[in-house]
Amino acid sequence: MSTDDTTQITLPPMKVITQNEHNIRVEDISVNAVKVLRRLNAAGFEAYLVGGCVRDLLLNQHPKDFDIATDATPEQIKAQFKNCRIIGRRFRLAHVVFGREIIEVATFRGPHIQDKNTSDKSKKDGEGQLVRDNVFGTLEQDAARRDFTINAMYYNVVDGTIRDFAGGIDSIEEKTISLIGDPETRYREDPVRMIRAVRFAAKLDMTIDEVSDEAIHKFAYLLENIPPARLFEEVLKLLFSGQGLTTYQLLLEYGLFDKLFPQTGPLLKTDSRERKFIDQVITNTDNRINNGQRVTPAFLYAAMLWYPIEEHSQKLVIESGLSPADAFNMAMSDVLHRQLQRIMIPKRFSITMREIWSFQHRLSRRYGRRAYQMLAHPRFRAAYDFLLLRGEIEGGELYELAQWWTDFQEVDSDTRKRMIDDLRAQSGPRNSRRRKKPKRKPN
Ligand code: ATP
Ligand code: MG
């Protein structure tokens, strides 16, 4: 067995916190989760609420979802519920479905076994990262496998007690994010834990403890080994939590942002326009989420990559002698392609991103019917919002262009017509009337 295996983790003595010693009430728990717990208990299995929901309830926050850990295997869980399906490859678990609510039920996980014979169940790659992980275990082993002390508490619905295996209750009181076990090993096993640490620090207004903190600076580079598809999901959780700004500032501080957005990171010097732009986009995203408005990853990703595209496009014009239009098209493809090596942005979003980018140039060509056609385009709203933000940051002509579009949307049709006529008048004879085709000479 390898020395960096989590079986080496010695947990402090388990503490049982009785119902009178904490603030969780059964009424605060999803009725569906309680149903699942009771059913599993009635069938003779151990079953607990675990992880984020216990932590959030202790902090008087609304849990996003309710997860359950049990000693029943996925098949045994499935046998208990009609509305249950088994999912997952990296770790098989059961989903019990109640309309729109899904209760995730996972069998206790055991230590990873580094034995040749069992390598089909648990496997690490060259950097110590777990790539497969399907070993069942005991409750205590399950606790040792969890990432942070605040995430390793188990609530028992039968008597309202909490089993605290890693000092989670103390961490909650001290408002500290602490890894369970040795930080280097735990980050190597799963580098996503580094961005989870940052996410929880921002979300729960807590501080990452010194050892867990130092190790992030040192091992940030390991994020480069995470499959781009997994990072797409994780980045959504980071930036679409409603505390995106704090999270992003922490990501920058820890050197994690550069690993996620290698083309954007180097441009974000304090007080640079790029920094102001991204700060503003993330602030607006937070405000929209906290007001219950719709947000799309396409807009945020479009913003992240906008200045890298502009920079690359200008370079292409100078170095390759391409026309500005060709250079811009090529820059969109190059920059997007490089970003996709790190984060797999689904096609449905990258198509919208391209539309938003292309619109930025089209929006200045407003003559004739074009202005009306653009206004009717399904992507106009996003493109206009994007332009407005750029205008606010950069000022000058861009600001005026954005103002023009603001007015154009608000005024009546006669005024619209006049606005376009004014543009023609300002721009001189070239655009003032449609050039007539030269008449063909009769043969
Ligand atoms: P959130 O409120 O964002 O859902 P959460 O703690 O519930 O936070 P989940 O991703 O839902 O986060 O994971 C549920 C639980 O599974 C965690 O609380 C933790 O115990 C465990 N866990 C999740 N990801 C990891 C990981 N990468 N390494 C170890 N344990 C993990
Ligand atoms: Mg959760």
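In listed order, ligands and their atoms are each counted from 1.
In this structure Thr138 satisfies the side-chain contact (heavy atoms from CB on, under 4.5 Å) test together with Glu140, Gln141, sequence neighbours excluded. Scanning for side-chain contact (heavy atoms from CB on, under 4.5 Å) contacts around Leu389 gives Phe277, Gln280, Val281, Asn284, Phe299, Glu392, with sequence neighbours left out. The side-chain contact (heavy atoms from CB on, under 4.5 Å) check on Ala202 picks up Thr246, Thr247, Leu250, with sequence neighbours excluded.
The atoms of ligand 1 that sit less than 4.0 Å from any heavy atom of Phe200 are 6 (O), 8 (O). Residue Asp190 has at least one heavy-atom neighbour below 4.0 Å for each of these atoms of ligand 1: 26 (C), 27 (N). Those atoms of ligand 1 with a heavy atom of Arg193 less than 4.0 angstrom away are 26 (C), 27 (N), 28 (N), 29 (C). Proximity to Lys64 (heavy-atom distance under 4.0 Å) selects the following atoms of ligand 1: 1 (P), 3 (O), 4 (O). Heavy-atom proximity to Arg145, at under 4.0 Å, picks out these atoms of ligand 1: 29 (C), 30 (N).
Summary of contacts: the protein heavy atom closest to atom 14 (C) of ligand 1 is Asp67 OD2, 3.6 Å. Summary of contacts: the protein heavy atom closest to atom 30 (N) of ligand 1 is Asp147 N, 3.2 Å. In this structure, the protein non-hydrogen atom closest to atom 6 (O) of ligand 1 is Arg55 NH1, 2.8 Å. Looking only at heavy atoms of the protein, atom 15 (C) of ligand 1 is closest to Arg146 NH1, 3.6 Å. With hydrogens left out, the protein atom closest to atom 3 (O) of ligand 1 is Arg199 NH1, 2.6 Å, a heavy atom.
Annotation: side chain of His217 is not in contact with side chain of Glu253 (no heavy-atom distance under 4.5 Å). Phe108 has its side chain within reach of Glu46: a pair of non-hydrogen atoms, C-beta onward, lies under 4.5 Å apart.
Every N/O-N/O distance between Arg186 and ligand 1 stays at or above 3.5 Å. By the 3.5 Å distance cut-off applied to N or O atoms, Gly51 is not counted among the residues near ligand 1.
Ring geometry for Phe148 versus Phe200: interplanar angle over 60°, hence perpendicular rather than tilted (30 to 60°). Between Phe408 and Trp405, the ring planes lie perpendicular to each other; the angle is over 60°, past the 30° to 60° tilted range. In this structure, His361 and Phe328 have perpendicular ring planes: the angle between them is above 60°, well past the 30° mark.
Close to ligand 1: Lys203, with a non-hydrogen atom less than 4.0 angstrom away.
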Exercise for the section: Take Asp56 and Lys203 through the test salt bridge (Lys or Arg N to Asp or Glu O under 4.0 Å) and record every step on the way to the result. Expected result: CA-CA 10 Å; Asp56 290 350; Lys203 169 178 161 164; 3.5 Å; yes
Practice task
Decide yes or no on salt bridge (Lys or Arg N to Asp or Glu O under 4.0 Å) for Arg381 and Asp385, but give the supporting numbers first.
Solution key: CA-CA 6 Å; Arg381 187 73 218 181; Asp385 285 343; 3.4 Å; yes
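Under a 3.5 Å cut-off, the side chain of Gln61 and the backbone N or O of Leu204 do not form any donor-acceptor pair. Proximity of a side-chain donor or acceptor of Ser30 to a complementary backbone N or O of Asn32 within less than 3.5 Å is detected.
Only protein atoms were considered; those of element N, O or S under 2.8 Å from the Mg ion (ligand 2) number 1.
Between Tyr301 and Phe261, the gap from one ring centroid to the other is short of 6.0 Å.
Distances from atom 10 (O) of ligand 1 to the heavy atoms of Glu104, Arg230, Met153, Arg196 put Arg196 nearest.
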